[in-house]
Amino acid sequence: MSESPATNAAEQVLAVIVLAAGEGTRMRSAERPKVLHGFAGRSLLGHVIAAARPLDPAHTVVVVGHRREEVTAHLGEIAPAAVVVVQQAQNGTGHAVRLALAAVPAGAAGTVVVLPGDTPLLTSGTLTRLVTEHARAGAAATMLTSVLADPSGYGRVLRGAGGEVERVVEHKDASEAERAVGEIASGVYAFDHTLLRDAVGRLSSDNAQGEEYLPDVIGIAVADGRRVAAVTADAAETAGVNDRVQLAAAHRTYNDRLLEQHMRAGVSVVDPATTWVDATVTLDADATLLPSVDLHGSTHVGAGAVIGPQTSLTDTRVGTGTRLDRTVAIGAQIGADVTAGPFAYLRPGTVLADGVHIGTYVEVKGSQIGTGSKVPHLSYVGDATIGEHSNVGAATVFVNYDGVAKHRSIVGDHVRIGSDTMIIAPREIGDGAYTAAGSVITQDVPPGAMGVARGTQRNVAGWVLRKRPGSPSAAAAERALHADDQPEETTE
């Protein structure tokens with residue numbers, strides 16, 4: 001079977017160069033460099049690298065500069081095979097590419113794709129289209145362009161009478177007539193490697209910013225009689241992120257795109273405006289997301305599951321047919337046909353087998369709960385293993401911490417824990433055992449036994465009248481005590 005054009009194009013990519021050296025002062029951040037800001041579970045740089053990954057380049061080179069140690073450490077996590085090149089002085093995009101080419105074999109043939117590190121909305125489809133057109137046209141350089149209603153600040157694409165690309169002029173160097181042009185260079189290019197290597201060595205810094213402009217390579221190629229092609233993409237996809245306002249706008253656009261993909265794949269999203277998902281989240285067809293749901297990290301939701309409303313899941317797996325209502329779960333494994341909430345908190349290490357019920361105001365941490373078991377109300381289950389078809393009564397607490405270390409308790413199958421039981425770990429409650437309501441369990445309970453650990457009740461007569469005289473309680477008690485002293489009504 002013949003390969004598709006997209007596959008052929010991807011095989012021609014010698015290198016992807018990502019420019020991530022800028023300071024990004026408009027982010028107003030003392031905490032992190034611009035390209036490490038992000039959304040949907042990825043940094044800005046991570047989004048760009050993810051978009052380029054399907055091109056399968058022989059070399060991925062990332063140019064770093066500002067706070068390069070942090071950016072390099074991040075690359076070690078998300079793209080360990082990438083080669084890092086340091087741009088000590090910010091002398092322009094052309095200078096950055098010239099440095100990056102030192103990490104690419106000089107004699108190798110192929111296409112070099114150059115990407116800005118702050119364009120998180122780029123898609124793999126658009127990059128493949130760019131590379132495919134570059135190969136089809138036999139071009140020396142192919143630009144990705146967009147048309148903006150307000151192109152202020154962007155380099156303008158200037159075309160000849162026949163529509164051919166002639167050059168790119170930066171906004172600061174453009175004339176009034178050139179600034180009226182709406183087509184802009186997005187900063188995304190596909191170059192013939194040999195031409196690029198030659199052209200960046202001929203760049204000049206004789207311009208308004210005193211920098212080596214990568215777009216000037218286009219003019220060099222045209223002057224050399226080489227063909228320059230262009231592919232136009234929607235402006236929303238090529239937009240860069242320079243401040244927090246643009247970051248939020250990009251997140252909204254990206255989230256809308258993700259939700260549309262999920263909905264077209266069979267997921268019901270009741271209110272997309274209040275539903276947020278990370279790029280790494282997976283959803284099976286026939287899952288339903290109710291309003292105010294956010295899903296993060298490696299979360300997976302199975303078919304037929306209903307999530308929400310007001311539910312947040314992080315790195316959590318949810319089985320088929322499960323219903324989570326107003327639930328927060330972090331690092332939890334949730335089986336099929338489970339119900340949880342409202343207002344349940346499932347902390348890391350929680351494993352719920354099929355058919356488990358976790359009720360209102362229940363917190364579970366580091367615990368495994370067996371098939372069909374229930375923790376219906378107002379309880380804390382910490383560091384416990386609970387067997388199958390057991391029931392934990394309201395206000396039960398697994399007391400797992402002695403002030404120094406955590407301890408584990410084990411509850412067997414078909415156990416009934418009475419309401420308001422304190423289980424002082426480490427304890428074992430055998431299969432079929434019961435605990436009496438209000439008990440503080442400090443010893444193991446054998447299978448089939450009833451654990452009772454509470455003091456004998458005694459009533460102190462007249463305490464309220466003596467200790468709270470004149471109070472509403474004392475008055476109520478006085479009336480009740482003397483009710484029997486009233487003469488009975490008689491009828492004649």
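Numbering starts at 1 and runs along the sequence shown. Only a predicted model underlies this, so the values are computations on that prediction, with no experimental measurement involved.
- Side chain of T311 to backbone of P309: a donor-acceptor contact under 3.5 angstrom is found.
- No donor-acceptor contact under 3.5 angstrom links the side chains of E428 and S409, judged on distance only.
- Once rounded to the nearest 0.5 Å, the distance linking CG of L324 with OG1 of T322 reads 6.5 Å.
- Annotation: side chain of V84 is in contact with side chain of L75 (closest heavy-atom distance under 4.5 Å).
- When side chains are defined from C-beta on, I49 counts as touching I78, because their heavy atoms get closer than 4.5 Å.
- T72 contributes a side-chain N or O that, together with a main-chain N or O of R68, makes up a donor-acceptor pair within less than 3.5 Å.
- Here the straight-line distance linking atom OG1 of T360 with atom CZ of F343 works out to 7.5 Å at 0.5 Å rounding.
- When side chains are defined from C-beta on, V97 counts as touching L19, because their heavy atoms get closer than 4.5 Å.
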Given T119 and V48, is the side chain to side chain contact (heavy atoms under 4.5 Å, CB included) satisfied, shown in steps? CA-CA 6 Å; T119 50; V48 173; 3.9 Å; yes

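- With hydrogens and angles ignored, the 3.5 Å screen pairs a side-chain donor or acceptor of R454 with a backbone N or O of A437.
- With rounding to the nearest 0.5 Å, the separation of CG in L14 from NE2 in H59 is 5.0 Å.
- A donor-acceptor contact shorter than 3.5 Å links the side chain of T299 to the backbone of T316.
- The closest side-chain heavy-atom distance from P376 to H357 is below 4.5 Å.
- Under the 4.5 Å side-chain criterion, counting only non-hydrogen atoms from C-beta, V277 is in contact with H262.
- The only member of R427, R347, K365 that meets salt bridge (Lys or Arg N to Asp or Glu O under 4.0 Å) when paired with D383 is K365.
- Between the side chain of S379 and the backbone N or O of V375 there is no donor-acceptor pair closer than 3.5 Å.
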**Request:** Go through R257 and E260 one step at a time and tell me if the salt bridge (charged side-chain N to carboxylate O under 4.0 Å, His left out) criterion holds.
**Result:** CA-CA 5 Å; R257 180 194 296 170; E260 180 176 343; over 6 Å; no

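- Between the side chain of N400 and the backbone N or O of H407 there is no donor-acceptor pair closer than 3.5 Å.
- Between the side chain of R53 and the main chain of S124, no donor-acceptor pair closer than 3.5 Å is present.
- Annotation: the span from L144 atom CG to L122 atom CG amounts to 7.0 Å, rounded to 0.5 Å.
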Legend entry - Criterion side chain to side chain contact (heavy atoms under 4.5 Å, CB included) on Y154 and L148, from CA distance to verdict: CA-CA 10 Å; Y154 291 92; L148 303 182; 3.6 Å; yes

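- With hydrogens and angles ignored, the 3.5 Å screen pairs no side-chain donor or acceptor of D337 with any backbone N or O of D354.
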| request: Please report the C-alpha distance between E133 and R129 in whole Å, then the side-chain angles of each, then the deciding distance to 0.1 Å, and finally whether the salt bridge (charged side-chain N to carboxylate O under 4.0 Å, His left out) criterion is met. | output: CA-CA 6 Å; E133 175 58 21; R129 187 161 58 92; over 6 Å; no

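- You'll find the side chain of T111 stays beyond 4.5 Å of the side chain of Y189, heavy atoms only.
- Between the side chains of S146 and T238, at least one donor-acceptor pair of N or O atoms lies under 3.5 Å.
- Note that CG of L289 and CG of D271 are 11.0 Å apart. Values are rounded to the nearest 0.5 Å.
- Counting only heavy atoms from C-beta outward, the side chains of D284 and V301 never approach each other to under 4.5 Å.
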Worksheet item: Run the side chain to side chain contact (heavy atoms under 4.5 Å, CB included) check on V415 and N391 step by step: do they pass?
Response: CA-CA 6 Å; V415 170; N391 188 87; over 6 Å; no

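- Using modelled atom types, one finds no donor on one side chain facing an acceptor on the other under 3.5 Å when comparing T280 with D278.
- R468 contributes no side-chain N or O that, together with a main-chain N or O of L465, makes up a donor-acceptor pair within less than 3.5 Å.
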Exercise for the section: Take Y254 and F39, measure what ring-ring contact (aromatic ring centres under 6.0 Å, His included) needs, and give me the verdict at the end. Expected result: CA-CA 9 Å; Y254 191 85; F39 51 78; 5.6 Å; yes

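- In this structure, the separation between CZ on R32 and NZ on K34 is 14.5 Å, given to the nearest 0.5 Å.
- Between L247 and M27 the shortest side-chain heavy-atom distance falls below 4.5 Å.
- Remark: aromatic rings of H251 and W276 are close, center separation under 6.0 Å.
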Show, in sequence, the C-alpha distance, side-chain angles and deciding distance for I410 and I429, and conclude whether the side chain to side chain contact (heavy atoms under 4.5 Å, CB included) test is met.
CA-CA 6 Å; I410 298 174; I429 299 175; over 6 Å; no

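- With T339 contributing its side chain and R323 its backbone, the two residues share no donor-acceptor pair below 3.5 Å.
- When all heavy atoms of I441 and G451 are compared, the closest pair comes out as CD1-O, 4.1 Å.
- For Y380, the OH atom counts as densely surrounded, since its 6.0 Å shell holds more than 12 non-hydrogen atoms of other residues, nucleotides or ligands.
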